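All remarks here apply to the structure that follows.
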Amino acid sequence: MNTDITVRRLDAGKAAALKEQLADVLLDCVEGGASVSFMLPMARSTALDFWDKVADGVAQGGRTLLVAEDEEGVIGTVQLITGLPDNQPHRADVAKLLVHRRARNRGVGQQLMLALEQAAREQERWVLVLDTASAAAERLYERLGWQRVGVVPGYALLPNGELCGTTFYYKQLDGHST
C-alpha cells in the first residue's frame, strides 16, 4: 500500500468539489467519539451542510481549509480561522483537526498542523489558539510546541451526550511574543 500523504490548501471551489469526502471524514470522527461540535446520530446532510458553510468561509476569506490525502482520497483536514475582530489581526483560531480512523498513527495530524502553521505565517498570523477534548491530540500539540493554558471541566459534550473537559492551547510562531 502506498503511504504517501499529500497536504494541500483548498479554495472554495475545491472544497465544494470534495465535500462528500470531507463529510466522510467528519462523520467517521463523530462516530468514533470525537468532540467536534456534533452529536450522534449525525445525518450525512448535517455533515454536508457544515462543509458548505466552511466553503463559504473560505470564499469570504475568513477561513483557510487544508486537507490531507492519500491514494484513496481525503483522510484528514484542519482549518485556520482568520475572520476575527479588528483588534486581532495577528491571531487565528485552529479548528476541526480531523483524521479518519483508517489513517490514524501515520503522521497525518502532524503534517496538517505543520502546514497550518505555515499558512498562518503566510497570512501574518503568529498567535494561534485551539482547544481539544482528545488526549491523543493533546500529545500531538505538545510535541509540536503548543503551550497548554488549562482545562475547563464539562465544557462540551461528546457525541454520545457525555460531558467532557476541554483543554485550551496557544502557540506563538516565529519568535513573536506579547
Side-chain angles (χ1 to χ4, degrees), residues 5-84 92-113 115-116 119 128-141 144 146 151-169:
I5 298 167
T6 303
V7 174
R8 65 182 172 128
R9 183 175 176 170
L10 299 184
D11 63 22
K14 289 177 185 168
L18 287 175
K19 79 175 182 177
E20 292 288 342
Q21 292 183 53
L22 289 162
D24 290 341
V25 172
L26 177 57
L27 286 164
D28 177 75
C29 290
V30 173
E31 289 166 2
S35 176
V36 291
S37 305
F38 298 97
M39 304 301 292
L40 289 172
M42 184 177 176
R44 184 167 190 80
S45 60
T46 300
L48 293 169
D49 289 346
F50 171 76
W51 290 110
D52 284 337
K53 290 175 186 163
V54 170
D56 288 345
V58 170
Q60 294 170 12
R63 191 174 295 255
T64 300
L65 176 61
L66 301 172
V67 296
E69 298 166 295
D70 66 7
E71 65 280 355
E72 295 179 41
V74 176
I75 55 174
T77 182
V78 69
Q79 299 170 50
L80 183 71
I81 300 171
T82 55
L84 299 174
D93 290 336
V94 177
K96 303 289 187 281
L97 175 62
L98 305 171
V99 177
H100 196 287
R101 286 178 287 180
R102 76 171 177 81
R104 300 230 174 118
N105 300 310
R106 291 175 46 195
V108 175
Q110 179 170 322
Q111 288 185 47
L112 283 164
M113 289 302 293
L116 177 129
L128 305 181
V129 178
L130 62 79
D131 66 80
T132 185
S134 162
E138 287 184 28
R139 288 188 298 275
L140 169 65
Y141 300 139
L144 293 174
W146 286 76
V151 177
V152 178
Y155 186 81
L157 297 175
L158 294 172
N160 66 5
E162 179 184 332
L163 276 170
C164 66
T166 299
T167 306
F168 288 82
Y169 286 88

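As the structure is a prediction and not an experimental result, all values here were calculated from the model. Numbers here simply count residues along the sequence, with the first being 1.
Residues Arg102 and Asp70 are paired through a salt bridge, judged by an N-O separation under 4.0 Å between the basic side chain and the carboxylate. A salt bridge does not link Arg63 to Asp56: none of the charged nitrogens lies less than 4.0 Å from a carboxylate oxygen.
Atom CG of Asn160 has more than 12 heavy atoms from other residues, nucleotides or ligands within 6.0 Å. By the 6.0 Å contact criterion, CZ on Phe168 is enclosed, its count of non-hydrogen atoms from other residues, nucleotides or ligands being greater than 12.
To the nearest 0.5 angstrom, Thr82 atom OG1 is 9.5 Å from Asp93 atom CG. Interatomic distance, OG1 of Thr132 versus CG of Leu130, reported as 7.5 Å (0.5 Å rounding). Note that CG of Asp24 is 13.0 Å distant from CD1 of Ile75, once rounded to the nearest 0.5 Å. Rounded to the nearest 0.5 Å, atoms NZ (Lys96) and CG (Leu66) are 15.0 Å apart. Remark: Ile5 CD1 to Gln111 CD distance equals 5.0 Å, nearest 0.5 Å. Within the model, atoms CG of Leu27 and OG1 of Thr46 stand 8.5 Å from one another, a figure rounded to the nearest 0.5 Å.
A distance-only check finds no donor-acceptor pair linking the side chain of Gln21 to the backbone of Gly73 [under 3.5 Å]. A donor-acceptor pair is defined here as one N or O able to donate and one able to accept, closer than 3.5 Å; no such pair exists between the side chain of Ser35 and the backbone of Ala133. Looking only at distances, no side-chain donor or acceptor of Trp146 sits under 3.5 Å from a matching main-chain atom of Tyr169.
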What verdict does the side-chain contact (heavy atoms from CB on, under 4.5 Å) test give for Asp131 and Thr167, after you've listed the backbone C-alpha separation in whole Å, the side-chain angles of each residue and the deciding distance to 0.1 Å?
CA-CA 5 Å; Asp131 66 80; Thr167 306; over 6 Å; no
Would His100 and Glu72 satisfy side-chain contact (heavy atoms from CB on, under 4.5 Å), going step by step from the backbone distance to the final call?
CA-CA 12 Å; His100 196 287; Glu72 295 179 41; over 6 Å; no
Apply the test side-chain contact (heavy atoms from CB on, under 4.5 Å) to residues Gln79 and Thr64: give CA-CA distance (whole Å), side-chain angles for both, the deciding distance (0.1 Å), then the verdict.
CA-CA 6 Å; Gln79 299 170 50; Thr64 300; over 6 Å; no
side-chain contact (heavy atoms from CB on, under 4.5 Å) between Thr77 and Val99, worked out:
CA-CA 7 Å; Thr77 182; Val99 177; over 6 Å; no
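In this view, Arg101 and Asp28 satisfy the salt bridge (Lys or Arg N to Asp or Glu O under 4.0 Å) rule, not counting sequence neighbours.
Using a 4.5 Å heavy-atom threshold, the side chains of Phe38 and Leu157 count as separate. The shortest side-chain heavy-atom distance between Val67 and Leu22 falls under the 4.5 Å cut-off. For the pair Met113/Val94, a side-chain contact is recorded, criterion being any heavy-atom separation below 4.5 Å from C-beta on. Using a 4.5 Å heavy-atom threshold, the side chains of Val30 and Leu40 count as touching. Side-chain contact check for Leu10 versus Arg8: some heavy-atom pair is nearer than 4.5 Å. Two residues are said to be in side-chain contact when any heavy atoms from C-beta on lie closer than 4.5 Å; Leu116 and Val7 fail this criterion.
Nearest heavy-atom pair across Leu140 and Gly109 is CD2-C, 3.8 Å. Among all heavy-atom pairs drawn from Gly33 and Pro159, the shortest one is O-CD, 3.3 Å. Here the closest heavy-atom approach between residue Arg44 and residue Ala23 is recorded as NH2-CB, 4.1 Å. Taking all atoms of both residues into account, the shortest heavy-atom contact from Leu65 to Val54 is CD2-CG1, 4.1 Å. The two residues Pro153 and Val151 have their closest heavy-atom pair at CD-O, 3.5 Å. Taking every heavy atom of both residues into account, Leu80 and Ala92 meet most closely at CD1-CB, 3.4 Å.
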